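Following: one structure in structure tokens, then a few remarks.
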Amino acid sequence: MKEYILKKERIFHFLSLALIAGSMFIQEPVQKLIVLVTGILGLLVLSALKKQKILVIVYLVLFIAAGIFYYLMTNGKLNF
């Protein structure tokens, strides 16, 4: 499975980036977070399989930031 994912890395990378970009156009906060986190997790898995430690840290920070942003949006502290 790992070899297949690494062989088709560009496709998975493109799909993950497409999910992140697509999350910008969703209005429902829960759906927006699910799509965004799925895209970030895809990039996180790819960078973990390629053993890129710095990218893993960057994607983990983005993952946590998405959770904090969602929390602030749903509590009414951020209005967009």
Side-chain angles (χ1 to χ4, degrees):
M1 182 77 174
K2 177 182 175 181
E3 293 81 21
Y4 178 75
I5 291 174
L6 289 176
K7 187 176 179 183
K8 303 289 184 178
E9 173 204 355
R10 291 186 190 255
I11 294 171
F12 287 111
H13 193 261
F14 173 74
L15 290 175
S16 295
L17 290 176
L19 283 172
I20 292 171
S23 71
M24 294 173 39
F25 301 106
I26 299 174
Q27 298 299 322
E28 180 68 31
V30 175
Q31 290 176 347
K32 180 182 285 247
L33 180 72
I34 290 171
V35 172
L36 180 65
V37 166
T38 304
I40 293 172
L41 282 176
L43 292 173
L44 183 66
V45 167
L46 281 176
S47 61
L49 290 176
K50 291 175 66 177
K51 298 179 181 169
Q52 297 173 329
K53 293 178 185 178
I54 293 177
L55 280 179
V56 169
I57 293 169
V58 168
Y59 294 141
L60 282 175
V61 169
L62 286 174
F63 185 77
I64 292 169
I68 292 170
F69 186 73
Y70 171 74
Y71 174 76
L72 292 175
M73 262 180 56
T74 55
N75 283 343
K77 295 181 182 178
L78 287 177
N79 296 4
F80 287 99

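No experiment lies behind these values; they were computed from the predicted model shown.
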Can you give the donor-acceptor pairs under 3.5 Å from side chains of residues 54-69 to other protein atoms, not counting sequence neighbours?
none

For residues 55-74, pull every pair meeting salt bridge (Lys or Arg N to Asp or Glu O under 4.0 Å), keeping only residues two or more places apart or in separate chains.
-> none
Determine which pairs satisfy salt bridge (Lys or Arg N to Asp or Glu O under 4.0 Å) with at least one residue from residues 32-50, sequence neighbours left out, and list them in order.
-> E9-K50
Report the distance from atom CZ of R10 to atom CG of L46, rounding to the nearest 0.5 Å.
-> 12.0 Å
Using a cut-off of 6.0 Å, state whether more than 12 heavy atoms not belonging to E28 lie near its atom CD.
-> yes
Distance-only criterion, 3.5 Å: show the donor-acceptor pairs between side-chain atoms of residues 36-44 and protein atoms not counting sequence neighbours.
unit_1 : atom_1 : unit_2 : atom_2 : d
T38    : OG1    : I34    : O      : 2.6

Output a table of donor-acceptor pairs, distance under 3.5 Å, between side-chain atoms of residues 15-23 and any protein atom two or more places apart or on a different chain; print 'none' if there are none.
unit_1 : atom_1 : unit_2 : atom_2 : d
S16    : OG     : F12    : O      : 3.0
S23    : OG     : I20    : O      : 2.6

